[in-house]
Amino acid sequence: MAGIELNRISKTFGATHVIDDVSVSVAPHEFVTLLGPSGCGKSTLLNIAAGLERPTDGRVLIGGRNVTDLSARDRNVAMVFQSYALYPHMTVAQNLAFPLRIQRLPRTEISQRVRAVAETIELGGLLDRKPAQLSGGQRQRVAIGRAIIRSPAICLLDEPLSNIDAALRVRMRGELKLLFNKMGTTIMFVTHDQVEAMTLSDRIIVLNGGKVQQQGTPLEIYRNPANVFVARFIGSPHMNILQAQLDSGVVSVAGLRLPLSGHAGRSGAVQLGLRPEDVQLGRFEKCVSVPAQVKLVEHLGHGAIVHYALDDLPPIVGLETRDTDIRAGWQGNIHINLDGIKLFDAVTGLAWPDRKGMA
Ligand SMILES: Nc1ncnc2c1ncn2[C@@H]1O[C@H](COP(=O)(O)OP(=O)(O)OP(=O)(O)O)[C@@H](O)[C@H]1O
Ligand SMILES: [Mg+2]
């Protein structure tokens, strides 16, 4: 099994810089996700990996070999497109067989492999149907089956779940993960959905404006976002970001004073990041109490998103991890987890070095 490496890739369309010096490497068997907002260059990078687009600068390596000048056909890479484009006039079996017929494999081998793949994607009973007679999730699986039938070294998937309704998408996400674990294929996956990226990936590359913002495992990125963009992009509801002032180890947001250790020698303007789960009605091990009023409660069933108004402070959003009967209009003390506080530079938005040993 091969890995794939994008080495210092840049891409311009006319005068527009779309990709700016991006390096990504995916180890054999690894599942890596390119995550970022619409227009950040995800599909362009994937197309460059596939050989459908040429980089303006940089190299593509597959299994250590420079393939930058090879056409898509010669890269042994399979791709599932953003719109998964099955042949409507062909049956499921014919769609699956198509890449093998192009390779002119013997008829018996083709039908053997079609049956094997159909079993893997659990569509064995539907081989004679046309795409129009399938559900969105089933069509999606045919597109994936068609990509993997050639046993490609590498599989590239561009938002393969984006055309499926929410409930099915969650189920397909789990199924995809199991399927790819079983196959052990090297995967480069594209999505703008941070939950999809968190749940599926070994590693995530966060992109914005054609630049890598951060690379890491899902939990590394969630726990230690490298900058304010990543902090807000990963996590739902969004991280609260408040303008604050640091002075001798105490961060002040208007009248609220939060004692931190680890920054004793530093002072200046900062942006304070606080995840909603670090703002709760109950106490934390290290916390401060703040008088607040509930403005809005969004029930999730297993918990609730609570919007608070605070005296002299911007509004903040909290997350109760169990359901609560609290209602709009409630007034009382809420708690802020001091261990959950992140600091970012007020100007650059970059994370300040970690704050081990907080008060
Ligand atoms: N052939 C092209 N000519 C000019 N500009 C292009 C071309 N292809 C893409 N772009 C521009 O490059 C940028 C990145 O496009 P790309 O399709 O890679 O984004 P994306 O991250 O996949 O977005 P989405 O999530 O909406 O699919 C966009 O601003 C797009 O308009
Ligand atoms: Mg795209």
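Start at 1 and go down the list; that is how both ligands and their atoms are numbered.
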Would Glu119 and Arg115 satisfy salt bridge (Lys or Arg N to Asp or Glu O under 4.0 Å), going step by step from the backbone distance to the final call? CA-CA 6 Å; Glu119 207 155 290; Arg115 259 180 280 123; over 6 Å; no
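- Note on Ser43: counted as a metal contact of the Mg ion (ligand 2), an N/O/S atom lying under 2.8 Å.
- Both tests pass for Lys11 against the ring of Phe13: distance under 6.0 Å to the centre and angle within 45° of the axis.
- Transitive grouping of hydrophobic side chains (ILVMFWY, heavy atoms separated by less than 4.5 Å) brings Trp330 and Val290 into a common cluster.
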Enumerate, one pair per line, all nitrogen or oxygen atoms of ligand 1 lying under 3.5 Å from a protein nitrogen or oxygen, stating the separation to 0.1 Å; write 'none' if no such pair exists.
unit_1, atom_1, unit_2, atom_2, d
ligand 1, 18 (O), Ser43, N, 3.4
ligand 1, 18 (O), Thr44, N, 2.9
ligand 1, 18 (O), Thr44, OG1, 2.5
ligand 1, 19 (O), Gly41, N, 3.4
ligand 1, 21 (O), Cys40, N, 3.2
ligand 1, 21 (O), Gly41, N, 3.0
ligand 1, 21 (O), Lys42, N, 2.9
ligand 1, 21 (O), Lys42, NZ, 2.9
ligand 1, 22 (O), Ser43, N, 2.9
ligand 1, 22 (O), Ser43, OG, 2.8
ligand 1, 23 (O), Gly39, N, 2.8
ligand 1, 25 (O), Lys42, NZ, 2.8
ligand 1, 25 (O), Glu159, OE2, 3.4
ligand 1, 26 (O), Ser38, OG, 2.5
ligand 1, 27 (O), Gln82, OE1, 3.4
ligand 1, 27 (O), Gln82, NE2, 3.0

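- Side-chain contact check for Thr91 and Asp128: no donor-acceptor pair (N or O, by modelled atom type) lies under 3.5 Å.
- For the 3.5 Å distance criterion, the side chains of Thr68 and Asn66 qualify, holding a donor opposite an acceptor.
- Relative ring orientation between Tyr87 and His89 is described as perpendicular, the plane-to-plane angle rising above 60° on a 0-90° scale split at 30° and 60°.
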